[in-house]
Amino acid sequence: MTSRQLVWDTLEGCNHTGRVPRQIWFLPWAGFHYPRQALQLRRDFPDDILAAPVCYGDAPRTVGNPYAAGYYIDEWGCRFENIQPGVIGEVKAPILAGEDGWQQAGRVHLPVEWLTFDRDAVNAFCAGKDRFITAGACPTYLCNAFMACARRIAPEVVRESTGKYHLPAGGRRESIGYALIAG
């Protein structure tokens, strides 16, 4: 069975192989600090899901490097502050701040540049691959969290003294994603 078929079978609820599809995402920090182990993981557990490389006709409006110490402004206009190389920083001053945050939506840049990607280049990359291919885009819940600050959007996510996150009874499922970036 190909990796692509494994993903499709899983999405359709008929994967009986005993293995879920995998895609390992490493932040550059892992490669900086554990290069041998990161390569070994990639070798032992190859990805079933690949991301198509994208070449834009109009470059997205960003400033800086998302993984460098300092600041980075993403495609939506969110400013991240990063104190450590190799990881993604934190939004300290969300674009949609305060009680009237959503009324400030005009401050958000919609990344229309994403629509100018070279379709032929993506199709050429996908041709003949036996793996499932995705296109790059920030999941909506992450964009919302970056623009309005995760702590404000999902206040029901509680951080225990152990540093672990949990959802109180009745918490929303998507809050798990917010918990990953909320602290």
side-chain contact (heavy atoms from CB on, under 4.5 Å) for F132 and L11? Distances and angles first, verdict last.
CA-CA 11 Å; F132 196 85; L11 291 171; 4.1 Å; yes
Quick one: pull up CG in L27 and NE2 in H33 and give me the separation to the nearest 0.5 Å.
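The distance works out to 11.0 Å.
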Drop me the distance from Y71's OH to E81's CD, to the nearest 0.5 angstrom.
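Here the interatomic distance stands at 10.5 Å.
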Within the supplied structure, the quantity of interest is the number of heavy atoms (other residues, nucleotides, ligands) at a distance under 6.0 Å from [X] [atom1]; does it exceed 12?
| X | atom1 | value |
| --- | --- | --- |
| Y34 | OH | no |
| F125 | CZ | yes |
| R19 | CZ | yes |
| L115 | CG | yes |

Between the side chain of [X] and the main-chain N/O of [Y], is any donor-acceptor distance below 3.5 Å?
| X | Y | value |
| --- | --- | --- |
| R131 | D47 | yes |
| D48 | R22 | yes |
| T10 | V20 | no |
| R61 | P111 | no |
| R42 | I24 | yes |

Kindly work out whether a path of hydrophobic side-chain contacts (I/L/V/M/F/W/Y, heavy atoms less than 4.5 Å apart) joins [X] to [Y].
| X | Y | answer |
| --- | --- | --- |
| V91 | V87 | yes |
| I73 | L110 | no |
| L50 | V7 | no |
| F26 | F45 | yes |

Under a plain distance cut-off of 3.5 Å, with no hydrogens placed, do E113 and H109 share a side-chain donor-acceptor pair?
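Side-chain D/A pair, H109 to E113: present.
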Before you tell me yes or no, could you show the steps for N82 and Y72 under side-chain contact (heavy atoms from CB on, under 4.5 Å), namely the whole-Å CA-CA distance, both residues' side-chain angles and the distance that decides it to 0.1 Å?
CA-CA 8 Å; N82 194 349; Y72 168 70; over 6 Å; no
Which heavy atom of [X] sits nearest to which heavy atom of [Y], and what is that distance?
| X | Y | result |
| --- | --- | --- |
| N15 | P21 | ND2-CD, 4.3 Å |
| C126 | I133 | SG-CG2, 3.6 Å |
| E75 | P60 | CG-CB, 3.5 Å |

Run the numbers on D74 and F80 for side-chain contact (heavy atoms from CB on, under 4.5 Å), then give the verdict.
CA-CA 8 Å; D74 75 359; F80 292 77; 3.5 Å; yes
Between W76 and W114, how do the two ring planes meet: parallel, tilted or perpendicular, split at 30° and 60°?
perpendicular
Mark yes or no: R119 above the aromatic ring of F117, with NZ or CZ under 6.0 Å from the six-membered ring centre and no more than 45 degrees from the axis.
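Yes, R119 and F117 form such a contact.
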Test side-chain contact (heavy atoms from CB on, under 4.5 Å) on I49 and T134; report intermediate values, then the result.
CA-CA 7 Å; I49 303 167; T134 64; 3.7 Å; yes
